[in-house]
Amino acid sequence: MVRDVSFGQYFPGNSLIHRLDPRAKLLIFIAFIVIIFCTFNYAALGVTAAFTALFLILSRIPIKFYFKSLKVIIFIVLFTSVINLFYGVGDPIWQWWVFKITWDGIHRAVMVTIRIICLILSSSCLTFTTSPTELTDAIERLMSPLRAIRFPVHEIAMMMSLALRFVPTLMEETDKIMQAQKARGADMESGNVIKRARALVPVLVPLFVSAFRRAYEIATAMECRCYRGGSGRTRMKTIHMGRRDVLAFIAIALVIGGVIVCNIFLGKTV
Amino acid sequence: MSALLELKNLSFVYGQGTPFEKKAVSDVSLSVNKGEFIGIIGHTGSGKSTLVQMLNGLIKPTEGQVILEGEDIWKKPKEIRKVRFRVGMVFQYPEYQLFEETVRKDIAFGPSNKGLKGEELDKAVERAAAFTGLKSDLLDSSPFELSGGEKRRAAIAGVIAMDPEILILDEPTAGLDPMGREILLSQIVNYHKERGNTVLLVSHSMEDIARVADRIIVMNQSRLFAFDETKKIFARGDELGQIGLQVPQITRIMQRLRGMGYDVPDGVLTVDEAFSAVCSLLKKEGRIW
């Protein structure tokens, strides 16, 4: 069922990671994701993997939800690691026609697999522990300097939060419409690709109609409350950086330092 | 009389194994006979909608069985579609499921999935439209041009056109004006009388339920609170009050009169009944107050 998608869902909680300032959290995770892809040997990769594990533990979210989010991308992981396996350079240890496997290729495949897994786990950790409103709030605050060059920061943040707000609503709606059409005998589970695509028409048409209806409704509701853009708006919930955010920044600095040290002193694996 | 539809220890849990786990229906057992008109009442979130969605296999019970004419509907999961043609389901606000270019095509969606073709299909569509009181000149216009009430009729016709043995309606009159409610309800009753099939009606309107239902299923906090004849259910006004439901206004008035010592019958459900009861009381007493 559509409702079962757990990738990108928010799980309310009160763990250390939940309580971090969303701005700090966003910056830290971006830095972490960048550093995941700047690891050149197993030691550096080990440091990032260890920290990913630490994030997961600190988030206090049952590990099976992380596994669920991995399940979504298992195909991508397999695909990229197989591609990498055959793209190594050096002496082949196994060869057939144009396909050859080298030690270099094996290392690449292993590293890329671990990197993608760390990437997905840590970004799931971010979305699991941060509500969509916190996230857009953080983005708006972090991008606010761009206002100086007339970049519509508030409008973009508002669009994002509206979009995020309507993801669950539209999912629920899709579910309802699918149920209604199934009740009229619509067959969505069998047949070839074309037949299945055709079977989506009875779902997509009502879904679009209702999305437009909702867009009108929300626009009217916003106008009724005198919404007229971002200038001069105050916030109901203000966010503050605290001591734990500073500690988190120090921790991520240590990770970055650790990765750099490993990269310099232990040489390149690939 | 053998049971047409039987529920055995039916339970459903949403989001099993997640922090959002929620028990929607627990341990419901009951049986419905052929040709009955059943009302389903209950407070918002009492599990009515989830219960009815299990009856035609739209959701699979986490525990228990739904038995249709002696056979578990999930015995052959691949043939669950066949069950859906036999147990028709009209959702809340069904007008949001309309999608075709013309009303005719939209009503034909169900029956053509069932396998009807040509003249047979046309007949089914027109008969269903007539049952719901949809004017035949509307059949060739776009469903998106219709008024709210007409859309509702078109959507209900889309389910009736499959000619189901059991028809489930989840709040079919919600959001309609009083006149529209009245007409739609009497059309459902006429449909039930003419086709002689079984109807399950979920509603928040006690007046509507009192008027049409033979028996009533009362749901409370995901459990079956009571399942009995309409008169008997509404005679239990106090208990219903405790679970946030009310008896029809006229029933309450008559109960109040009884409480004041007047000899009127218990379990009066409609204004007409109340009228004749009060008339005969006045005649007997031979005076006005």
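So you know, we letter chains A, B, ... as the sequences are listed, proteins then strands, and number each from 1. Computation of the quantities below employed the complete heavy-atom set of this structure, encompassing side-chain atoms and omitting hydrogens, waters and symmetry-equivalent molecules.
Under 3.5 Å, the side chains of Ser15(A) and His18(A) contain a donor-acceptor pair of N or O atoms. Lys117(B) and Ser112(B) share no donor-acceptor pair across their side chains, judged by distance under 3.5 Å alone.
Looking at Phe91(B), the atoms closer than 4.5 Å to chain A (heavy atoms on both sides) all sit in the side chain, from C-beta outward. Looking at Phe85(B), only its side chain comes within 4.5 Å of chain A, counting heavy atoms on both sides.
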- Query: Under the side chain to side chain contact (heavy atoms under 4.5 Å, CB included) criterion, do Ser11(B) and Val25(B) qualify, and how do the steps go?
  - Reply: CA-CA 5 Å; Ser11(B) 296; Val25(B) 172; 5.6 Å; no
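Your options are Pro206(A), Pro12(A), Ala186(A), Pro202(A), and the one with the most heavy-atom pairs under 4.5 Å with chain B is Pro202(A). The candidate with the highest count of non-hydrogen atom pairs below 4.5 Å against chain A, out of Arg84(B), Met89(B), Arg81(B), Gln53(B), is Arg81(B).
One finds the OG atom of Ser122(A) at 13.0 Å from the CZ atom of Phe51(A) (value rounded to the nearest 0.5 Å).
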